[in-house]
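Input: a single structure, listed below in structure tokens.
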Amino acid sequence: MDSSAPTPAASPDRYNFLDAEARWRQAWADAGCFRVKTDPARPKYYVLEMFPYPSGKLHVGHVRNYTMGDVVTRYKKARGFNVLHPMGWDAFGLPAENAAIAGGVHPATWTYENIATMGAQLKLIGLSYDWDREIATCHPEYYRHEQKMFLDFLKAGLAYRKESWVNWDPVEHTVLANEQVIEGRGWRSGALVEKRLLSQWFLKITDFAEDLLAGIETLDRWPERVRLMQANWIGRSEGARLRFAIADTDESRDFQGETVEVFTTRPDTLFGAAFCAISANHPIAKRLGEQDPAIAEFNAECNRIGTSEAAIETAEKLGYRTRLSVAHPLVPGLALPVYIANFVLMEYGTGAIFGCPAHDQRDLDFARKYGLPVRTVVRPQDGEAAEIGTEAFTATDGVLVNSGFLDGLAVPDAKRKVIERLETLGVGTKTIQYRLRDWGVSRQRYWGCPIPIIHCPDCGIVPVPESELPVRLPDDVSFDQPGNPLDRHPTWKYVKCPHCGTDARRETDTFDTFFESSWYFARFCSPRSDKAFERADVDYWLPVDQYIGGIEHAILHLLYARFFTHALKRCGYLGITEPFAGLFTQGMVCHETYKSDAGAWLYPEEVFTKDDGAHVDAAGHPVAVGRMEKMSKSKKNVVGLETIVESYGADTARLFLMSDSPPERDLEWTASGIEGIWRYVNRLYRLVVESRPRLAAPGTKPDEAHIATRRILHKTIAALTEDLEQFRFNRAVARLRELSNHLEDVAAKADGATLREALDTMTVLIGPMLPHLAEELWQALGHDGLLVEQPWPVADPDLLRDDTVTMAVQVNGKLRATLELPRDVSEDAAREAALAQPTVQKALEGRQVRKVIVVPGRIINVVG
RNA sequence: GAGGACGUGGUGGAACUGGUAGACACAUUGGACUUAAAAUUCAACGGCUUCGGCCAUGCGGGUUCGAUUCCCGCCGUCCUCACCA
């Protein structure tokens with residue numbers, strides 16, 4: 001329990017971190033170590049952690065990814081790069097409004113207070129930010145630029161307004177984008193999302209579907225997982241669109257000459273078509289509904305059924321047989337019935353399909369249910385067409401049958417040929433269909449960037465003139481009733497039309513808050529510019545070389561930001577298409593959960609451990625220990641940042657967060673773990689302080705032991721450098737411990753020069769992870785100036801290679817001996833040495849040696 | 001339903017490109033120091049063993065001189081998307 005952890009007191013043999021950490025943070029700030037400027041003469045490196053939403057307070061779980069960015073920044077700086085490492089606040093969002101509703105505090109006040117709190121917390125842990133570049137996206141000097149961008153997008157045809165069925169979150173009282181609906185629920189509220197028909201602003205992300213997909217190939221420093229998720233989200237499929245003419249019958253006089261357009265990925269199965277099905281929101285379904293209350297009711301029912309996993313699994317596939325039928329485009333005289341079906345989505349393809357029961361499972365189920373014919377048109381490559389029972393034949397390596405001019409063709413050839421025919425007939429075309437849909441950016445909320453549009457009864461949609469930007473949020477708003485305060489504001493929305501001067505009204509929706517985070521990385525390049533950013537600055541700094549954030553943004557933010565970069569390029573803002581060259585997705589910090597016997601969550605510091613290991617609360621009542629879960633305020637399994645920094649120091653917390661667990665995996669925060677790191681930090685301190693007297697000792701003639709120490713030192717430099725390059729922080733920590741363990745063993749007998757080199761170098765190596773301690777030790781070692789400005793050590797290649805190698809000796813694959821042999825030992829000599837081993841002879845048990853495999857420097861395997 | 005990842009001691013994890021499995025830690029146990037504790041420090045720490053070894057990287061096969069690593073089939077855990085035509 002954290003509460004049982006002693007507060008380490010300062011003592012002569014203990015590192016006084018409280019004093020030292022504050023002192024060195026001040027020294028970095030005074031020297032402006034992390035203030036950078038555009039300098040094309042120097043190589044640049046841009047490190048960025050996903051900026052936080054200022055929700056209240058940070059706990060130790062938040063700090064992990066900032067520490068990773070800090071380690072990279074300090075390391076790259078030592079390697080000579082001009083490193084940009086900025087921090088800011090993703091400051092628009094619903095929690096501020098909820099706080100306003102609950103507590104009567106204005107969202108702006110709430111937000112800026114949280115920014116002050118969290119900013120101070122971040123400064124406690126010694127992060128290498130250029131604070132001069134701090135931005136908050138709720139500031140008009142930030143959001144004015146995205147209003148301009150939106151107007152530019154509008155001019156470029158990348159923004160449009162359209163009435164469509166959208167996802168409505170009934171708890172947040174706002175629309176959500178498709179990316180923000182997870183298993184049918186709002187991504188933040190968890191409420192079941194409803195479908196509503198609303199007029200909304202969209203950004204044309206689909207214009208870049210192909211570019212965004214192709215771009216994924218170039219992102220070779222992104223996790224494979226994220227690339228795959230994005231590719232799946234974009235969801236490219238090749239197929240055909242084709243039009244079925246509505247059959248001219250007595251029942252369909254009013255649809256004469258009209259067509260039903262469908263999308264299919266299996267145009268080759270067209271001869272097996274048994275029906276057409278359209279979405280309940282298809283224009284034809286709506287027209288039919290207007291005439292027939294039964295159809296209207298069926299359509300409404302389809303919209304009521306949710307899209308959650310449970311709803312989909314249990315919902316029956318329902319069809320409503322309309323009075324319409326369509327003519328098969330290739331089979332004269334064949335008419336197919338038209339159904340309205342609850343499983344056809346208006347949002348994908350054309351909102352209509354043709355059903356081929358023999359070769360699609362869902363179509364087969366539907367056909368069996370409604371007694372439709374099942375006609376096999378693809379047979380297995382070798383063999384006859386099997387009788388279709390309850391399972392469709394969906395393999396695509398078959399051969400076409402019962403399909404007229406397609407008979408005998410393989411599926412891919414048949415696809416090609418049938419599309420050719422459809423194109424000749426003028427009833428269809430080859431198409432590429434994406435799952436990706438345009439990004440709906442309108443939100444019916446106050447605390448966001450106003451959409452700079454005026455609705456005029458005469459002129460329609462009129463952009464706010466650029467000279468009038470920014471459109472500022474009004475301060476005087478009330479949250480005493482649900483809905484959008486901007487819409488209820490007494491005066492704000494009433495304006496004159498900029499064109500004709502008549503009474504008009506402002507757009508009262510604000511942008512999705514993902515709008516702000518879609519370009520902030522560029523704003524950091526010129527945070528005080530009166531333009532969105534300066535071209536010279538973004539040309540130098542972008543793309544971000546190392547981006548660090550949570551996997552939860554694998555699609556949402558990362559896709560929006562990639563799209564924005566394409567769109568900004570098209571509008572002439574910048575010259576790149578991919579904003580983030582390298583991406584790292586870090587794991588979460590977890591902690592045990594505690595529950596009192598009354599069922600209430602308890603904070604770790606409210607829980608005590610008795611001698612027998614039982615857990616109790618302050619009153620001595622038993623406490624149930626739950627499983628490790630992501631630190632979260634709601635379950636109270638959080639450890640306060642200040643608590644840890646005051647008890648152990650920032651460096652101890654930082655090193656703990658970098659140790660043991662690989663950075664992409666979850667990390668368990670434990671009291672014993674932090675204790676262990678604290679002990680290690682003190683050992684490092686003592687190692688240096690106690691070695692100081694020996695540094696003055698004259699260098700003796702270097703003997704074997706000194707060379708061994710230097711070898712270990714230089715191997716550590718090489719390995720640690722490689723680990724940092726590859727984001728293997730846990731291994732880097734292990735290597736540091738190997739080095740310091742060795743130095744502790746030899747310090748008392750090492751010669752001055754060797755010890756000096758080793759301790760100086762070790763101090764530089766711990767710098768990225770333990771920056772305060774490193775400065776303190778650097779000073780203790782007698783150096784002037786700041787360690788943070790020291791160059792990274794370079795390993796001497798001669799010291800990376802030993803004179804001898806340890807080779808394993810196996811007999812039939814089993815280890816029987818190890819041999820210390822000269823590095824350049826010949827294969828013959830190695831073989832002889834191995835065979836001479838008594839253990840080898842014994843293991844052979846008198847058998848003939850059939851073969852000896854020698855892998856230089858590694859292994860000798862005797863096969864007998 | 002589609003796609004993907006992972007599975008190593010009591011625990012977190014290491015093992016380069018197929019080459020000595022368990023680095024580095026945490027926990028535990030025992031010893032030293034101490035009036036005692038804390039701190040520090042030394043040692044043991046996968047299992048079994050007749051002390052020669054044997055068995056061990058989820059399970060079963062395969063390839064190989066040699067497999068935690070490659071291939072096939074299971075089992076389990078996790079993630080993403082999902083009525084996508």
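Proteins get letters first, then strands, A, B, ... in listed order; numbering begins at 1 in each. In this text the structure is predicted, and so the values were computed from the model without any measurement.
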Output one line per pair: protein atom, nucleotide atom from nucleotides 2-7 of chain B, and distance, for all N/O pairs under 3.5 Å.
none

Please list each protein N or O that sits under 3.5 Å from an N or O in nucleotides 52-62 of chain B, with the distance.
unit_1 : atom_1 : unit_2 : atom_2 : d
B:rG52 : O2'    : A:K842 : NZ     : 2.7
B:rC54 : OP1    : A:R816 : NH2    : 3.2
B:rC55 : OP2    : A:K814 : NZ     : 2.8

Please write out each protein N/O paired with an N/O of nucleotides 26-29 of chain B under 3.5 Å, distance rounded to 0.1 Å.
unit_1 : atom_1 : unit_2 : atom_2 : d
B:rC26 : O2'    : A:S672 : OG     : 3.3

Between protein and nucleic acid, restricted to nucleotides 64-68 of chain B and to nitrogen or oxygen atoms under 3.5 Å apart, what atom pairs and distances do you find?
unit_1 : atom_1 : unit_2 : atom_2 : d
B:rC65 : O2'    : A:N861 : ND2    : 3.2
B:rC65 : O2     : A:N861 : ND2    : 2.5

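In this structure, A:E391 contributes its side chain and A:Q361 its backbone to no donor-acceptor pair below 3.5 Å.
If you check B:rA82, B:rU80, B:rC84 against the side chain of A:R437, the one that comes closest is B:rC84. Looking at the side chain of A:W233, the nearest of the listed nucleotides B:rC81, B:rA14, B:rA21 is B:rC81.
At a threshold of 4.0 angstrom between heavy atoms, the contacts of A:D360 with the nucleic acid are absent. As judged by a 4.0 angstrom heavy-atom cut-off over every strand, A:T806 is placed among the base-contacting residues.
The closest side-chain donor-acceptor pair between A:D438 and A:T206 falls under 3.5 angstrom.
Pairs of residues two or more places apart, or lying in two chains, never qualify as salt bridge (Lys or Arg N to Asp or Glu O under 4.0 Å) while including a residue from residues 655-673 of chain A.
The salt bridge (charged side-chain N to carboxylate O under 4.0 Å, His left out) test applied to A:E217 returns no partner, not counting sequence neighbours.
Ring geometry for A:F727 versus A:F729: interplanar angle of 30 to 60°, hence tilted.
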